[in-house]
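Note that this is a predicted model, so its numbers are computed, not measured. Counting convention: from 1, in listed order, for ligands and their atoms alike.
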Amino acid sequence: MAAVEYCFNERQSLVTAVVHHISELLNEAIIERGSASFLVSGGSSPQAVYEALAERQLDWSKVVVALVDERWVTQEHAASNEAFIRRSLLQSCAAAARFIGMKTAAHSAEAGLQDCETWFAALPPKADVCLLGMGSDGHTASLFPYGAGLAHAMSSGDARCAVIHAQQSEVTGAHTERMSLTLPYLLAARQRILLITGSEKYAVYCAAKASSDFMSTPVSAVLNTDVDVDVDVYWAP
Ligand SMILES: O=C(O)[C@H](O)[C@@H](O)[C@H](O)[C@H](O)COP(=O)(O)O
């Protein structure tokens, strides 16, 4: 498996290309298997992609959208990834899609883990599309460097969800208690797309491509674990 890079001179061209690629993948899945599963990350980078995808004329009633990770806050909180996805993607045409979130009624991610695992059991073993971002610290999903629970979340096994307590940093802000998809489930996706912008993140990505230290740079596990599917990396300044 390798990283296939698509670099653009500016972000609008990047967004247009990613939207076209994801739309094609979802449509192919619907044609071939009757449905499509789309794993979505939070953060700021994918917002324009989600807003444009929402206008695409797909059979969204056959698409299930599921979170890659979540900060353990309710939808009312400004940091909620579920609220972000409902606001940016599940609108217009895409409002017809089914959604699987991660935040349960439990007071802690540990207490909510079993329900999350039950919810995510509804997804196929291989999700069709997984859209990932990357932090400047080399995290992806909520697989944060040296986070508590990271080794378990990166290990083999059937679990799809894992609790991570990230080390607090300017990247995590106050939201260190996370639920994340596990590395094995991320790697099982038929197509992974890593969306990064800016020169700082490109340098972090290049270092991660050359790294096998998955604990210090978890995104390197997505880039370098030997699976049979390339990861498509989209970048613009
Ligand atoms: O919950 C989250 O924060 C995201 O799922 C996370 O994994 C995100 O993809 C990266 O932090 C990049 O975020 P930006 O796109 O905002 O840089």
Engineer: Just go through Thr172, Asn81, Leu67 and tell me whose heavy atom is the nearest to atom 1 (O) of ligand 1.
Structural biologist: Asn81
Engineer: Check whether any N or O atom of Thr140, backbone or side chain, sits under 3.5 Å from an N or O atom of ligand 1, and answer yes or no.
Structural biologist: no
Engineer: Show which atoms of ligand 1 fall inside a sub-4.0 Å distance from at least one heavy-atom site of Lys201.
Structural biologist: 12 (C), 14 (P), 15 (O), 17 (O)
Engineer: According to a hydrophobic-cluster definition based on side-chain heavy atoms being under 4.5 Å apart (Ile, Leu, Val, Met, Phe, Trp, Tyr only), do Ile100 and Val73 belong together?
Structural biologist: no
Engineer: Going by the ring pair (Phe, Tyr, Trp, His ring centres under 6.0 Å) test, which pairs reach into residues 141-166, not counting sequence neighbours?
Structural biologist: His139-Phe144
Engineer: Would you say Arg160's side chain and Leu123's backbone share a donor-acceptor pair under 3.5 angstrom?
Structural biologist: yes
Engineer: Give the atom numbers and elements of ligand 1 that come within less than 4.0 Å of a heavy atom of Ser45.
Structural biologist: 14 (P), 15 (O), 16 (O), 17 (O)
Engineer: What atoms of ligand 1 come closer than 4.0 angstrom to any heavy atom of Arg178?
Structural biologist: 1 (O), 2 (C), 3 (O)
Engineer: Is there a donor-acceptor contact under 3.5 Å from the side chain of Ser180 to the main chain of Ser142?
Structural biologist: yes
Engineer: Residue-level breakdown please: for Glu70 versus ligand 1, do any non-hydrogen atoms fall below 4.0 Å on the side chain, on the backbone, on both, or on neither?
Structural biologist: neither
Engineer: Number the atoms of ligand 1 from 1 as they appear, then name those within less than 4.0 Å of a heavy atom of Ala141, with their elements.
Structural biologist: 6 (C), 7 (O)
Engineer: May I ask you to identify, for Ser136, whether its side chain, its backbone, both or neither come under 4.0 Å of ligand 1 on a heavy-atom basis?
Structural biologist: neither
Engineer: Using heavy atoms and a 4.0 Å limit, tell me yes or no: is His175 in contact with ligand 1?
Structural biologist: no
Engineer: Is there any N or O on Gly42 that sits under 3.5 Å from an N or O of ligand 1?
Structural biologist: yes
Engineer: With respect to Ser142, determine whether any N or O atom, backbone or side chain, lies less than 3.5 Å from an N or O atom of ligand 1.
Structural biologist: no
Engineer: Check this for me, if you would: do Asp230 and Arg192 make a salt bridge, where the nitrogen-to-carboxylate-oxygen distance has to be below 4.0 angstrom?
Structural biologist: no
Engineer: Is Ser41 in polar range of ligand 1, meaning some N or O pair under 3.5 Å apart?
Structural biologist: no
Engineer: Any side-chain donor-acceptor pair under 3.5 Å between Ser80 and Glu76?
Structural biologist: no
Engineer: Give me each pair satisfying salt bridge (Lys or Arg N to Asp or Glu O under 4.0 Å) with a member in residues 5-28, each pair once, sequence neighbours excluded.
Structural biologist: Glu5-Lys209
Engineer: Name the closest protein heavy atom to atom 16 (O) of ligand 1, giving the residue it belongs to and the distance to 0.1 Å.
Structural biologist: Ser44 N, 2.6 Å
Engineer: Where do His21 and Tyr234 land on the side chain to side chain donor-acceptor pair (under 3.5 Å) test, with the steps shown first?
Structural biologist: CA-CA 11 Å; His21 191 182; Tyr234 283 81; 2.8 Å; yes
Engineer: How does Val68 reach ligand 1, by side chain, by backbone, by both or by neither, if only non-hydrogen atoms under 4.0 Å count?
Structural biologist: neither
Engineer: Using distance alone, with no hydrogens and no angle criterion, decide if Ser216 and Asp213 have a side-chain donor and acceptor under 3.5 Å apart.
Structural biologist: yes
